[in-house]
Q: 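Following this message is one structure expressed as structure tokens.
Residue numbering restarts at 1 for every chain, and letters A, B, ... go by the order of the sequence lines.
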Amino acid sequence: MPELPEVETIARDLRDKIIGQKVKNIDVYDARVVRQPVEEFTRALKGRRLNSIARRGKALVIELDNRHYFVVQLMMTGQLIDSPRPRQDKLTKVSFRLSSGRYLHYNDQRLFGRLQTVDDLKRIPYFQKLGPEPLKGQFSVPWLVEKLRGKKVPIKALLMDHTFVAGIGNIYASEILFQSRINPKRPAHRLNEEEIETLHAATRKVLAEAIRWRGTSMNNYRDANGEKGGFMGRIKVYGRENQGCSRCKTVLTKILQRGRSTFYCPTCQR
DNA sequence: AGGTCGACCTGGCAGC
DNA sequence: TGCTGCCAGGTCGACC
């Protein structure tokens, strides 16, 4: 999926395009992405004004004028695309016609995405368990030191655990650890305080930089304008196995951790 | 409780 | 060309 930087980019782009608009009509082309009865979903949205849009973790939260919420989780291949035209793409699974006359299309190749409305975000288990935002104050060095204590899992797995910290997925976990010079296999509780400080700084730096570049497009990610992100050229390790490390020229390695690919430099990540 | 693994889906691509 | 098997950025429930 789009990870934190990609979802943040979409949220910022959509702010100008959809906030203040009313939902005039909804077409559901594949009900599998709607995580409630379709009738209920369309009834909850039709005629409502979209008051605000925010990102929490990798989820988009759109507040409606009745204080209910429209929540979109793009998962692996979801896209929210602003368009002047009705559905053209067979990947479009839900279309919203807005009062501006424009459309918001929800596209999804793998159908893992989730669209739903709720009166209270606490009803969604994802939000109940979600850890702190890595770019906010709660994600601090002392907090991290405390949280790593006793955690035997590899640090890569912990970074990707959204109940630990929100929004970091497979691409940025590898990139953050490369920036930190920390080996992804290291048990989390074995990091010393200096390494934890480095990890903290690297997490913020990599995510902030990726937002500045409007995210990373490996395959499916597109922003709200249907454009690819600009961070690909800045990716140091993800998807670059058998290429030379940008720091020390060692050949980068790909390993499997919990069934997911991890990319790192075996020389300068210790 | 802490940690791991498959299931959920479709499509692109490498290899034969 | 056409098949098979593998891989893909996330999340969750089942299991040990």
Q: Under 5.5 Å between ring centres and under 30° between planes: true for A:F112 and the base of C:dG10?
A: yes

Q: For DNA chain B, report each stem as range with range, ordered by first number, or say none. Use Watson-Crick or G-U wobble pairs under 3.5 Å, at least 3 in a row.
A: B:2-8 with C:10-16, B:10-16 with C:2-8

Q: Give a yes or no on whether the backbone of A:P184 and the side-chain of A:Q257 come within a donor-acceptor separation of less than 3.5 Å.
A: yes

Q: What parts of residues 145-170 of chain A reach DNA chain B, counting only heavy atoms under 4.0 Å away?
A: A:K151, A:K152, A:V153

Q: What ring pair (Phe, Tyr, Trp, His ring centres under 6.0 Å) pairs are there with at least one residue in residues 183-223 of chain A, not counting sequence neighbours?
A: A:F139-A:H200

Q: Just by modelled atom types, is the A:G113 backbone N or O under 3.5 Å from a matching donor or acceptor in the A:R35 side chain?
A: yes

Q: Without decimals, in angstroms, what is the distance between A:R260 CZ and B:dT4 C1'?
A: 13 Å

Q: Looking at A:K17 and A:D13, does any basic side-chain N land under 4.0 Å from a carboxylate oxygen?
A: no

Q: Whole-Å distance between C:dG10 P and A:R35 CZ?
A: 16 Å

Q: Kindly confirm whether the side-chain ring of A:Y126 is stacked on the base of C:dT11, judged by centres under 5.5 Å and planes under 30°.
A: no

Q: Does a salt bridge link A:R87 with A:D27, judged by any charged N lying under 4.0 Å from a carboxylate O?
A: no

Q: Between C:dC6 and B:dG6, how far apart are the P atoms? Round to whole Å, please.
A: 13 Å

Q: Closer than 3.5 angstrom, by distance alone: can the side chain of A:R204 be matched with the main-chain N or O of A:K136 as a donor-acceptor pair?
A: yes

Q: Side-chain donor-acceptor contacts of residues 263-270 of chain A below 3.5 Å, not counting sequence neighbours, with atom names and distances?
A:
residue	atom	partner	partner atom	Å
A:Y264	OH	A:K185	NZ	3.4
A:T267	OG1	A:T250	OG1	2.8
A:Q269	OE1	A:C265	N	2.8
A:Q269	NE2	A:L177	O	3.2
A:Q269	NE2	A:I182	O	2.9
A:R270	NE	A:T267	O	3.1

Q: Determine the interatomic distance between P on B:dC5 and the same-named atom on C:dC7; round to the nearest Å.
A: 15 Å

Q: Would you say the side-chain atoms of A:D65 pair up with the backbone N or O of A:R49, donor to acceptor, closer than 3.5 Å?
A: yes

Q: Any side-chain N or O of A:K58 less than 4.0 Å from the OP1 or OP2 oxygen of C:dG9?
A: no

Q: Need one value for A:N220: base, sugar-phosphate or nothing, where a base atom within 4.0 Å counts as base even if backbone is also close, heavy atoms only.
A: base

Q: With a distance cut-off below 6.0 Å to the six-membered ring centre and an angular limit of 45° from the axis, does A:R247 pair with A:F178 as a cation-pi contact?
A: yes

Q: Look only at the side chain of A:Q179 and the backbone of A:T203, and say whether a donor-acceptor pair between them is shorter than 3.5 Å.
A: no

Q: Anything under 3.5 Å between a protein N or O and an N or O of nucleotides 3-7 of chain C, put it in a table, one pair a line.
A:
none

Q: Can you check the A:N219 CG to C:dA8 C1' distance for me, whole Å?
A: 7 Å

Q: Could you write out each protein N or O paired with an N or O of nucleotides 10-12 of chain B at a distance under 3.5 Å?
A:
residue	atom	partner	partner atom	Å
B:dT10	OP1	A:R32	NH1	3.4
B:dT10	O4'	A:Q109	O	3.3
B:dT10	O2	A:Q109	OE1	3.1
B:dG11	O4'	A:Q109	OE1	3.1

Q: Round to the nearest Å and state the distance from A:R258 atom CZ to C:dG13 atom P.
A: 16 Å

Q: Using whole Å, what does the distance between atom C1' of nucleotide B:dC9 and atom CG of A:N107 come to?
A: 16 Å

Q: Are A:P5 and A:F231 close enough that some pair of their side-chain heavy atoms sits under 4.5 Å apart?
A: no

Q: Within the structure, does a side-chain N or O atom of A:Y238 lie under 4.0 Å from either OP1 or OP2 of C:dG9?
A: yes

Q: Please determine if A:E209 and A:R212 form a salt bridge, counting it only when a charged side-chain N lies under 4.0 Å from a carboxylate O.
A: yes

Q: Would you mind checking if A:R55 and A:E133 are paired as a salt bridge, meaning a charged N to carboxylate O distance below 4.0 Å?
A: yes

Q: Check whether A:E175 reaches the backbone of A:V237 with its side chain - one donor and one acceptor, N or O, closer than 3.5 Å.
A: yes

